[in-house]
**Q** 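Let me give you the structure first, and then I'll get to my questions.
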Amino acid sequence: MSEPLIQMKGITKSYFMGGNELQVLKGIDLTIHRGEYVAILGPSGSGKSTLMNIIGCIDLKTQGDYVLSSKNIEELDEDQLAEIRNREIGFVFQKFNLIGRYDATYNVQMPLLLKGENYHTSREHAKNYLEKVGLGDRMTHKPIELSGGQQQRVAIARSLVCEPNIILGDEPTGNLDTASGEEVMKIFRSLHHEGRTVILITHDQEIADEADRIIHIRDGLIEKDEVRRVPKTGL
Ligand code: ADP
Ligand code: MG
């Protein structure tokens, strides 16, 4: 198989509060290849979001080795970390985190504007991605004028606009009704079919069942790594 996209060895994460150490991740060994569709499943408080934030380079581990896209994360400075985050990773969270005063298109084009792309080009790209998530008729709606499921689709379009290889979803259907949740899961599967690496974090077995591989996490440790369908080679 190709070189792993994500390789973790002995990853720990501790928080220090009032002089006490709270160890949240207790030694995670994890390898994920390009194009995999993986769910990280575990109960609330098991360390899933902490792990996702480390995978996505928005937080740093306490100990252990993390290699992402052949780069040892420890050796990168802030700018290089920001660069790898922007280029490689799209985030989707449980809360949609859209900016209320902007319309759907502007919310989606923001990452491109931050990268210095011009208004018109970024707006065209944003529109393409809104169409892709089925919101072609909601481009100028503001978040408050959209349902929860539609807002999450805007957030997915925003996560895709910089064309990341990896999509990280932290309980992306957690705030949605069943039907909207299914819509969102369909989009994740289609992203997987396009060859992207999809990593979904969830406490819900039914959501995890959508993935090709389920990594069970409990009390900061991987309890079981379950391959359900053989992965295709990806991007
Ligand atoms: P999950 O996403 O599986 O519900 P988290 O990774 O969010 O779990 O949290 C795991 C544990 O780490 C929890 O006990 C939580 O209280 C603790 N924790 C998370 N973030 C922090 C933080 N910034 N400071 C202190 N403790 C934290
Ligand atoms: Mg969480």
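In listed order, ligands and their atoms are each counted from 1. Since the structure is predicted, the reported quantities are computational estimates derived from the model, not experimental observations.
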**Q** Using a 3.5 Å cut-off on N or O atoms only, is Val24 in polar contact with ligand 1?
**A** no
**Q** Which one of Gly42, Ser49, Ser14 has a non-hydrogen atom at the shortest distance from atom 7 (O) of ligand 1?
**A** Ser49
**Q** Would you check, one step at a time, whether the test side chain to side chain contact (heavy atoms under 4.5 Å, CB included) holds for Leu200 with Ile40?
**A** CA-CA 6 Å; Leu200 273 188; Ile40 296 175; over 6 Å; no
**Q** Is atom 15 (C) of ligand 1 near the protein, in the sense that some protein heavy atom lies at less than 4.0 Å from it?
**A** no
**Q** Is it true that Lys142 and Glu145 have a side-chain N and a carboxylate O under 4.0 angstrom from each other?
**A** no
**Q** How far is atom 18 (N) of ligand 1 from its nearest protein heavy atom, and which residue and atom name does that atom have?
**A** Tyr15 CE1, 3.6 Å
**Q** Give the numbers and elements of all ligand 1 atoms closer than 4.0 Å to a heavy atom of Ser46.
**A** 3 (O), 8 (O)
**Q** Please state which option from Pro43, Gly220, Gly45 has its nearest heavy atom closest to atom 13 (C) of ligand 1.
**A** Gly45
**Q** Please work out whether any backbone atom (N, CA, C, O) or any side-chain heavy atom from C-beta onward of Met17 is under 4.0 Å from ligand 1, and answer side chain, backbone, both or neither.
**A** side chain
**Q** With a cut-off of 2.8 Å, does Gln94 put an N/O/S atom close enough to the Mg ion (ligand 2)?
**A** no
**Q** I need the contact type for Thr50 against ligand 1. Using non-hydrogen atoms and a strict under-4.0 Å cut-off, is it side chain, backbone, both or neither?
**A** both
**Q** Verify side chain to side chain contact (heavy atoms under 4.5 Å, CB included) between His193 and Arg189, making sure each step is shown before the conclusion.
**A** CA-CA 6 Å; His193 283 307; Arg189 178 145 288 279; 3.5 Å; yes
**Q** Please determine if Glu194 and Lys132 form a salt bridge, counting it only when a charged side-chain N lies under 4.0 Å from a carboxylate O.
**A** yes
**Q** Using a strict threshold of under 4.0 Å (side-chain N to carboxylate O), is an ion pair present between Glu36 and Arg213?
**A** yes
**Q** Out of Arg34, Glu3, Arg87, which residue meets the side-chain hydrogen bond (donor to acceptor under 3.5 Å, both in side chains) rule with Ser69?
**A** Arg34
**Q** Is ligand 1 less than 4.0 angstrom away from at least one heavy atom of Gly47?
**A** yes
**Q** Give a yes or no answer on whether the side chain of Arg196 reaches the backbone of Asn165 with a donor-acceptor pair at less than 3.5 Å.
**A** no
